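Mind having a look at this structure? Questions to follow.
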Amino acid sequence: MGTLRRAADGAVLAVTFLTVLPLRLRATATTSLNSAAPWFPAVGALVGAIAGGVRAGLDPLIGTVAASVLATATLAVVSGALHLDGLADCADGLGVHGNRTRRLEVMRDSSIGTFGALALIVWFALVVVAVAGLDSKHAVAALVLAGAASRTAALVHAQLAPSARPDGLGAAFRPGLGALVIAAPQALAAALLVPIGHGLLALAAAALVAVGTAFWSRAALGGRTGDTLGATVAIAELAVLLVLLGFAQP
């Protein structure tokens with residue numbers, strides 16, 4: 001019973017951390033963010049399903065493009081723009097001329113610079129294009145898979161890069177291999193929503209993003225931060241959608 005309760009607490013914490021959905025953790029819960037990590041893909045799939053519902057529900061009413069814009073906005077709003085903030089900060093850090101310390105300082109600045117703004121515009125535009133390029137049924141499946149795969153990518157990123165700072169989210173978030181073992185089947189289950197070959201290649205794209213961002217994080221920053229974790233989610237989400245869009249082309 002205690003194990004089930006801890007798992008339930010971890011799942012609730014994953015929802016409250018990754019989304020703005022109004023769940024409340026038990027007052028007596030003693031869970032940590034690391035215990036929530038195994039449920040990240042399931043929460044990501046939920047976010048994708050909500051955005052997919054917006055796309056499918058509004059498509060007959062306002063058209064594919066407008067529905068896709070609102071579905072993309074839903075991805076950002078439901079997640080509290082958590083991952084997009086990381087993407088913008090990493091883009092600003094990428095544009096800095098200086099050493100690791102200077103990059104980390106810029107990334108900690110709450111203001112968004114030119115590179116950060118450009119990254120957000122490109123991300124939003126490409127997600128809209130990808131979602132609009134799929135019919136409603138496939139758009140829902142793609143968004144669910146993108147949500148699950150991208151949150152799994154964050155766990156892979158955390159495994160491959162040490163923390164760049166002694167404090168902050170990057171240092172506090174240390175999911176073990178056990179979390180990845182539980183999370184991976186959730187991403188695989190989401191991949192079954194699309195043709196299996198397409199789904200596996202989409203998962204491979206998300207994994208490649210995780211490896212790439214981990215390599216950049218180690219080289220440019222000395223390791224991962226909360227921002228690099230968020231950027232990994234945002235980029236992997238986009239990569240999955242673009243892969244599935246590619247398969248949808250005649």
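The structure presented is a predicted model; accordingly, all values stated were derived computationally and were not measured.
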### Message
Holding to side-chain contact (heavy atoms from CB on, under 4.5 Å), I want the full list of residues that pass it with Ser136, two or more places apart in sequence or in another chain.
### Response
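Testing Ser136 for side-chain contact (heavy atoms from CB on, under 4.5 Å), a comparison that skips the adjacent residues, returns Arg55, Ala56, Asp59.
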### Query
Between Leu143 and Val128, is there a shared hydrophobic cluster once you connect ILVMFWY residues whose side-chain heavy atoms come closer than 4.5 Å?
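As far as the 4.5 Å side-chain criterion goes, Val128 and Leu143 are connected within one cluster.
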### Message
Through direct or indirect side-chain contacts below 4.5 angstrom among Ile, Leu, Val, Met, Phe, Trp and Tyr, which residues connect to Leu201?
### Response
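Result for Leu201 is Val243, Phe247.
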### Message
Less than 4.0 angstrom from a charged side-chain N to a carboxylate O is my criterion; do Arg108 and Glu105 meet it?
### Response
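So Arg108 does not pair with Glu105 through a salt bridge.
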### Query
Considering only heavy atoms from C-beta outward, does the side chain of Phe124 approach that of Val69 to under 4.5 Å?
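Side-chain contact under 4.5 Å: yes.
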### Val209 versus Ala239, closest heavy-atom pair with distance
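So the two residues come closest at CG2-CB, 3.9 Å.
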### Message
For residues 56-78, which residue pairs pass the ring pair (Phe, Tyr, Trp, His ring centres under 6.0 Å) check, not counting sequence neighbours?
### Response
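Listed once each, the pairs would be none.
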### Query
Linking I/L/V/M/F/W/Y whenever any side-chain heavy atoms sit under 4.5 Å apart, do Val47 and Leu238 land together?
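Val47 clusters together with Leu238.
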### Donor-acceptor under 3.5 Å (Gln159 side chain, Pro175 main chain)
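Flag set: sc Gln159 to bb Pro175 pair under 3.5 Å.
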### Message
With clusters defined by side-chain heavy atoms of hydrophobic residues (ILVMFWY) lying less than 4.5 Å apart, directly or transitively, does Leu18 cluster with Leu229?
### Response
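Hydrophobic grouping puts Leu229 with Leu18.
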### Query
Which other residues belong to the hydrophobic cluster containing Leu188, where Ile, Leu, Val, Met, Phe, Trp and Tyr are joined when side-chain heavy atoms lie under 4.5 Å apart, directly or via other members?
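So far as hydrophobic clustering goes, Leu188 is joined with Leu145, Leu192, Val194, Ile196, Leu200, Leu203, Val240, Leu244.
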### Query
Considering all heavy atoms of both residues, which atom of Thr74 and which atom of Ala51 are nearest to each other, and what is their separation?
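Closest approach of Thr74 to Ala51, heavy atoms only: CG2-CA, 3.9 Å.
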### Message
Using the rule given for side chain to side chain contact (heavy atoms under 4.5 Å, CB included), can you reason through Val127 versus Leu242, listing the C-alpha separation, both sets of side-chain angles and the distance that settles it, and then say yes or no?
### Response
CA-CA 8 Å; Val127 171; Leu242 290 177; over 6 Å; no
### Message
Run Phe40 and Phe173 through ring pair (Phe, Tyr, Trp, His ring centres under 6.0 Å) and show every step you take.
### Response
CA-CA 13 Å; Phe40 276 18; Phe173 187 61; 5.6 Å; yes
### Task
Show your reasoning for whether side chain to side chain contact (heavy atoms under 4.5 Å, CB included) applies to Asp89 and Val106.
CA-CA 8 Å; Asp89 286 341; Val106 169; over 6 Å; no
### Query
Heavy atoms, side chains only, cut-off 4.5 Å: are Phe17 and Val43 in contact?
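Side chain of Phe17 against side chain of Val43, heavy atoms only: no contact under 4.5 Å found.
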### Side-chain donor/acceptor of Ser150 to backbone N/O of Gly147, under 3.5 Å
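Answer holds: yes.
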### Query
Are any side-chain N or O atoms of Gln186 and backbone N or O atoms of Ala42, one a donor and one an acceptor, separated by less than 3.5 Å?
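It does hold such a pair.
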### Separation of Leu58 CG from Thr64 OG1 (nearest 0.5 Å)
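It is 11.0 Å, given to the nearest 0.5 Å.
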### Query
Do you know which two heavy atoms are closest between Ala187 and Ala148, and how far apart they sit?
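Taking Ala187 first and Ala148 second, the nearest heavy atoms are CA-CB, 4.2 Å.
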### Message
Per the ring pair (Phe, Tyr, Trp, His ring centres under 6.0 Å) rule, what does the pair list look like for residues 71-96, sequence neighbours excluded?
### Response
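Ring pair (Phe, Tyr, Trp, His ring centres under 6.0 Å) check on residues 71-96 returns no pairs.
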#### Entry: Donor-acceptor pair, side chain of Ser217 and main chain of Arg224, under 3.5 angstrom
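No.
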#### Entry: Non-hydrogen side-chain atoms of Ser79 and Arg151 separated by less than 4.5 Å
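Ser79 vs Arg151: side chains touch.
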### Task
Quick one: which residue pairs count as a side-chain hydrogen bond (donor to acceptor under 3.5 Å, both in side chains) with a foot in residues 192-215, not counting sequence neighbours?
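Residue pairs with at least one partner in residues 192-215: His157-Thr213, Thr213-Thr232.
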### Task
Using a 4.5 Å cut-off on heavy atoms from C-beta on, say whether the side chain of Leu70 contacts that of Ile62.
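Yes, at least one pair of side-chain atoms sits under 4.5 Å.
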### Closest non-hydrogen atom pair, Leu245 against Leu134
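Closest approach of Leu245 to Leu134: CA-CD2, 4.2 Å.
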### Query
Which value, rounded to the nearest 0.5 Å, describes the distance between Leu87 atom CG and Thr228 atom OG1?
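Nearest 0.5 Å value for the CG-OG1 distance: 11.5 Å.
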#### Entry: Smallest separation among heavy atoms of Leu155 and Ala179, with atom names
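Closest approach of Leu155 to Ala179, heavy atoms only: CD1-O, 4.3 Å.
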### Task
Might you point out which heavy atoms bring Ala130 and Leu241 nearest each other, and give the distance in Å?
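For Ala130 and Leu241, the tightest heavy-atom pair comes out as CB-CB, 3.8 Å.
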### Message
Is the shortest side-chain heavy-atom distance between Asp227 and Cys90 below 4.5 Å?
### Response
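When only atoms from C-beta onward are counted, Cys90 and Asp227 do touch, with a gap below 4.5 Å.
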### Query
Can you hop from Ile235 to Phe215 via hydrophobic side chains spaced under 4.5 Å?
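No, it is not one cluster - the side chains of Ile235 and Phe215 are not joined through contacts under 4.5 Å.
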### Query
Arg103 side chain to Leu94 main-chain N or O, any donor-acceptor pair under 3.5 Å?
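No.
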### Query
Taking the side chain from Trp39 and the backbone from Gly10, do they hold a donor-acceptor pair closer than 3.5 Å?
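Absent.
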### Task
Side-chain contact test, heavy atoms from C-beta onward, threshold under 4.5 Å: evaluate it for Pro162 versus Arg218 and give yes or no.
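Touching, per the 4.5 Å side-chain cut-off.
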### Query
Quick one: do Leu126 and Val131 end up in the same hydrophobic cluster if we chain Ile, Leu, Val, Met, Phe, Trp and Tyr together by side-chain heavy atoms under 4.5 Å apart?
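Yes, Leu126 connects to Val131 through the hydrophobic network.
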### Query
side chain to side chain contact (heavy atoms under 4.5 Å, CB included) between Asp92 and Met107: does it pass, once the steps are laid out?
CA-CA 7 Å; Asp92 283 334; Met107 290 169 63; 5.7 Å; no
